[in-house]
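See structure below.
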Amino acid sequence: QVQLEESGGGLVQAGGSLNLSCAASEASGRTFNTYAMGWFRQAPGKEREFVATINWGSSSTYVAYSLKGRFTISKDNAKNMVYLQMNSLKPEDTAVYYCATRSRGTYIYTKGYEYDYWGQGTQVTVSS
């Protein structure tokens with residue numbers, strides 16, 4: 001059973017930046033390993049939206065087209081951490097941001113149902 005815990009959310013003014021973190025661990029105490037980590041977000045009244053994903057082994061990344069240039073995903077395997085750097089934030093970026101992991105795979109996954117475990121989410125609010 002994988003456990004994911006997000007942090008770093010908060011209230012920021014438009015144009016500002018936030019860096020979200022996600023700590024991953026195995027409840028059994030075994031060494032954490034996975035295929036990919038992803039970030040998703042869900043705004044009130046809207047469907048969950050893919051944000052970015054990173055391959056745990058190769059470090060290759062993929063960011064949603066509409067967010068490229070503003071959002072960056074990165075990781076630290078030694079710390080079992082994944083990060084989402086968000087710059088030039090806009091009010092429309094307001095949402096709960098979720099970290100997720102997919103244990104096995106062969107390519108890039110951008111659908112929520114393709115991920116096995118999820119964190120509880122962290123609220124990001126961007127004021128205008």
Side-chain angles (χ1 to χ4, degrees):
Q1 183 76 12
V2 174
Q3 296 176 324
L4 302 173
E5 183 174 1
E6 304 93 338
S7 61
L11 174 64
V12 63
Q13 288 188 333
S17 298
L18 280 176
N19 189 28
L20 305 184
S21 300
C22 174
S25 62
E26 287 273 1
S28 63
R30 294 183 299 179
T31 300
F32 173 75
N33 194 21
T34 192
Y35 173 76
M37 301 289 292
W39 284 98
F40 291 78
R41 68 184 184 182
Q42 188 165 20
K46 295 187 177 181
E47 293 187 354
R48 183 172 54 193
E49 176 186 18
F50 168 77
V51 175
T53 186
I54 187 166
N55 186 285
W56 197 247
S58 72
S59 301
S60 62
T61 64
Y62 181 76
V63 178
Y65 181 80
S66 63
L67 302 175
K68 285 183 178 179
R70 296 196 299 123
F71 287 23
T72 303
I73 188 170
S74 62
K75 64 181 177 66
D76 184 332
N77 289 55
K79 296 180 179 179
N80 293 337
M81 297 289 294
V82 64
Y83 307 98
L84 183 69
Q85 177 66 41
M86 306 184 295
N87 298 327
S88 301
L89 283 163
K90 305 175 181 179
E92 50 264 42
D93 294 319
T94 295
V96 177
Y97 283 71
Y98 297 92
C99 174
T101 186
R102 179 182 172 97
S103 302
R104 299 179 181 182
T106 56
Y107 56 88
I108 296 171
Y109 299 90
T110 63
K111 302 294 191 294
Y113 63 80
E114 295 173 320
Y115 286 76
D116 304 310
Y117 298 99
W118 292 79
Q120 294 298 309
T122 185
Q123 176 71 46
V124 171
T125 302
V126 184
S127 63
S128 57

Please give me the minimum heavy-atom distance between [X] and [Y], naming the atom from each residue.
X	Y	value
F50	T110	CB-O, 3.2 Å
G112	R48	CA-NH2, 3.7 Å
Y115	T53	OH-OG1, 3.0 Å
E26	T31	CG-O, 3.9 Å
A14	S128	CB-CA, 4.3 Å

Restricting to pairs with a member in residues 84-98, which pass salt bridge (charged side-chain N to carboxylate O under 4.0 Å, His left out), not counting sequence neighbours?
-> R41-D93, R70-D93
Keeping to residues at least two apart or across chains, list the salt bridge (charged side-chain N to carboxylate O under 4.0 Å, His left out) pairs with something in residues 102-120.
-> none
Any chance you could measure [X], atom [atom1], to [Y], atom [atom2], to the nearest 0.5 Å?
X	Y	atom1	atom2	result
T94	K46	OG1	NZ	9.5 Å
M81	K75	CE	NZ	13.0 Å
Y35	T106	OH	OG1	5.5 Å
S103	W56	OG	CH2	12.0 Å
S127	L89	OG	CG	10.0 Å

Does [Y] offer a backbone N or O that forms a donor-acceptor pair with the side chain of [X] under 3.5 Å?
X	Y	value
N77	G57	no
T61	I54	no
T101	A36	yes

Report yes if some heavy atom in the side chain of [X] is under 4.5 Å from a heavy atom in the side chain of [Y]; otherwise report no.
X	Y	result
I73	V82	yes
Q123	L11	no
S25	N80	no

Of all pairs that satisfy ring-ring contact (aromatic ring centres under 6.0 Å, His included), the ones with a partner from residues 77-108, not counting sequence neighbours | Y107-Y109
Give the table of side-chain donor-acceptor pairs shorter than 3.5 Å for residues 2-10, with sequence neighbours excluded, one pair per line with atom names and distance.
from	atom 1	to	atom 2	distance (Å)
E6	OE1	Q120	N	3.1
E6	OE1	G121	N	2.9
E6	OE2	C99	N	2.8
E6	OE2	G121	N	3.2

Anything under 3.5 Å between a donor and an acceptor, one on a side chain of residues 17-24, the other on a protein residue two or more places apart or in another chain? List them.
from	atom 1	to	atom 2	distance (Å)
S17	OG	N87	OD1	2.9

Go through the structure and list residues passing side chain to side chain donor-acceptor pair (under 3.5 Å) with R30, not counting sequence neighbours.
-> S28
When the ring centroid of F71 is compared with that of W39, is the distance short of 6.0 Å?
-> no
